[in-house]
Visitor: 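Please see the structure below; I have some questions.
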Amino acid sequence: MNLFRIFGIQLAVHASFVLLLAYTAWEGWQDGGWAGIAISIALTIVFFICVVLHELGHSLTAMRYGVRVPRILLMPIGGMAEFDRIPRQPSAEFIITINGPLVNFAIVLILWAVVGRPAGLPFHPHIEESLKGYTQLVLYWNALMGCFNLLPVFPMDGGRILRAILATRLTYLQATFWAARIGQVLAIALAGTSLYFWPKSMLPILFTFIYFAGGAEYKSVLRREQHEAYCAEMAKHVTTPVKSSDYDEPPSPPPLITHGPN
Ligand SMILES: [Zn+2]
């Protein structure tokens, strides 16, 4: 479902977002009736505004490198900016990627200056039921969002940063392979750990999703490289006679790359 355009980028929400809002409202109702619903919905909206700002950090930086960003999609598990391509220069990917978490850390610093940090950090923040308390909660969420995305689990931001670093030594495909493999091992470990410690949270589902997303993105890079190799081969054949068998099974064109979650 499309919402509106921001800096020329279509902001959209996934249909399952309705379920998240319904669940949030139900939780709010149990906490404090109509006022509880209003507070939970408002906090959820503010949380996703922070997700959009994080994605805009990536997107606006990517646009400076000539990348087209048609859409930012919000899902219950986070946001995803869709890029038509990801620059192959490691420095460009590094800067585009780091600018998402940096937006969160900038929000943390601004809110910290305004309302101070909540007591009980890092794991047991004490949040009062007041405007100051809720603002501190938003500060805390942004700190978590920034740190969480820096986990080296491809295709999360930390995994992309790992690929950019690896790509300074390896080919882009090898760097993607190793970033995806390391990410998948960590995703399994983190899914297991979160299932044990926080079974009711979204984390086990999120890490399972990331496990598959990492493998899928490696395959997409592999297909793209094969497609480019195929095109280069065809270009050579323009001036040389071609056997008909050379045209068997041309690889499909590469799909649109998504960037995210978060
Ligand atoms: Zn990000």
Side-chain angles (χ1 to χ4, degrees), residues 1-4 6-7 9-59 71-81 99-151 156-157 194 197-207 209-210 260-262:
M1 186 172 58
N2 287 342
L3 295 181
F4 50 85
I6 181 164
F7 297 106
I9 306 166
Q10 180 68 56
L11 184 65
V13 289
H14 192 262
S16 55
F17 211 79
V18 177
L19 295 176
L20 177 80
L21 286 180
Y23 177 74
T24 306
W26 181 71
E27 271 202 332
W29 174 260
Q30 291 200 317
D31 281 351
W34 290 107
I37 292 181
I39 291 169
S40 329
I41 298 269
L43 282 174
T44 305
I45 291 171
V46 170
F47 176 83
F48 278 94
I49 288 173
C50 296
V51 172
V52 171
L53 293 173
H54 172 112
E55 295 303 334
L56 281 175
H58 294 307
S59 304
R71 187 168 77 145
I72 292 176
L73 176 66
L74 295 179
M75 295 166 293
I77 57 166
M80 206 177 257
N99 277 354
L102 283 184
V103 167
N104 295 116
F105 295 135
I107 295 171
V108 168
L109 289 179
I110 293 166
L111 295 185
W112 193 331
V114 178
V115 290
R117 68 179 176 86
L121 289 182
F123 296 116
H124 304 287
H126 177 68
I127 303 296
E128 290 169 24
E129 291 193 1
S130 64
L131 185 61
K132 182 184 171 191
Y134 294 134
T135 311
Q136 288 179 328
L137 182 63
V138 176
L139 179 161
Y140 183 60
W141 280 342
N142 274 280
L144 286 183
M145 207 188 295
C147 294
F148 182 78
N149 277 283
L150 287 176
L151 287 174
M156 279 180 19
D157 295 339
S194 51
F197 287 105
W198 304 283
K200 286 184 184 165
S201 74
M202 300 259 279
L203 290 174
I205 300 169
L206 186 59
F207 284 120
F209 174 82
I210 291 165
N262 289 313

Visitor: Do F207 and S194 have side-chain heavy atoms sitting under 4.5 Å apart?
Guide: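 Counting from C-beta outward, F207 and S194 do come under 4.5 Å.
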
Visitor: Taking the side chain as every heavy atom from C-beta outward, state whether L56 and I9 have any atom pair closer than 4.5 Å.
Guide: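 A side-chain contact under 4.5 Å exists here.
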
Visitor: Start with the C-alpha distance between L53 and I49, add both sets of side-chain angles, then the distance that settles side chain to side chain contact (heavy atoms under 4.5 Å, CB included), and finish with yes or no.
Guide: CA-CA 6 Å; L53 293 173; I49 288 173; 4.3 Å; yes

Visitor: Taking all non-hydrogen atoms of both residues, which atom of D157 and which atom of P101 are closest, and how far apart?
Guide: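 In this case the closest contact between D157 and P101 is OD2-CD, 3.4 Å.
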
Visitor: Carefully, step by step, assess Y140 and F148 under the rule ring pair (Phe, Tyr, Trp, His ring centres under 6.0 Å).
Guide: CA-CA 12 Å; Y140 183 60; F148 182 78; over 10 Å; no

Visitor: Should Y134 and V46 be marked as a side chain to side chain contact (heavy atoms under 4.5 Å, CB included) after you check the CA-CA gap, both sets of side-chain angles, and the distance that decides it?
Guide: CA-CA 10 Å; Y134 294 134; V46 170; over 6 Å; no

Visitor: Measure the spacing between CD of E27 and CD1 of I39 and express it to the nearest 0.5 Å.
Guide: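 E27 atom CD to I39 atom CD1 measures 13.5 Å (nearest 0.5 Å).
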
Visitor: Would you mind reporting whether M80 and M75 have side-chain heavy atoms less than 4.5 Å apart?
Guide: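 A side-chain contact exists here, since the closest heavy-atom pair is under 4.5 Å.
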
Visitor: I want to check something: taking the side chain as every heavy atom from C-beta on, are D31 and S40 in contact at a cut-off of under 4.5 Å?
Guide: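 No; the side chains remain at least 4.5 Å from each other.
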
Visitor: Is there a side-chain contact between W29 and T24, using heavy atoms and a 4.5 Å cut-off?
Guide: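 Result no, sub-4.5 Å side-chain heavy-atom pair not found.
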
Visitor: Report yes if some heavy atom in the side chain of L21 is under 4.5 Å from a heavy atom in the side chain of T44; otherwise report no.
Guide: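 Contact flag for L21/T44 side chains = yes.
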
Visitor: Between T135 and V114, is a side chain to side chain contact (heavy atoms under 4.5 Å, CB included) present by the stated rule, with each step listed?
Guide: CA-CA 9 Å; T135 311; V114 178; 5.8 Å; no

Visitor: Any idea which heavy atoms bring I41 and A25 closest together, and the distance?
Guide: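 For I41 and A25, the tightest heavy-atom pair comes out as CD1-CB, 4.1 Å.
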
Visitor: Measuring only between side-chain heavy atoms, which start at C-beta, is F105 closer than 4.5 Å to L109?
Guide: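 Result no, sub-4.5 Å side-chain heavy-atom pair not found.
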
Visitor: H54 vs H58 aromatic rings, parallel, tilted or perpendicular, using cut-offs 30° and 60°?
Guide: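 Taking H58 first and then H54, their aromatic rings stand perpendicular (interplane angle over 60°).
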
Visitor: Out of curiosity, Q136 CD to L131 CG, how far, rounded to the nearest 0.5 Å?
Guide: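 One gets 10.5 Å once the value is rounded to the nearest 0.5 Å.
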
Visitor: Write down the atom of C50, the atom of N142, and the distance for their closest heavy-atom approach.
Guide: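 Looks like SG-ND2, 3.3 Å.
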
Visitor: Quick one: does E55's side chain have a donor or acceptor within less than 3.5 Å of a partner on G100's backbone?
Guide: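 No; judged by distance alone, with no hydrogens or angles, the pair does not exist.
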
Visitor: To the closest 0.5 Å, what do you measure between CD1 (I72) and CZ (F7)?
Guide: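 Nearest 0.5 Å value for the CD1-CZ distance: 10.0 Å.
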
Visitor: For a side chain to side chain contact (heavy atoms under 4.5 Å, CB included) check, start with the C-alpha distance between M156 and L151, then their side-chain angles and the critical distance, and finish with the verdict.
Guide: CA-CA 7 Å; M156 279 180 19; L151 287 174; 3.9 Å; yes

Visitor: If we ignore hydrogens and angles and just use 3.5 Å, is the side chain of Q10 paired with the main-chain N or O of N2 as donor and acceptor?
Guide: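 Side chain of Q10 to backbone of N2, a donor-acceptor pair under 3.5 Å: no, none is there.
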
Visitor: Measure the spacing between CG of L144 and CH2 of W141 and express it to the nearest 0.5 Å.
Guide: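 The CG atom of L144 sits 10.5 Å away from the CH2 atom of W141.
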
Visitor: Taking C-beta and beyond as the side chain, do M145 and V51 meet within less than 4.5 Å on heavy atoms?
Guide: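 They are in side-chain contact.
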
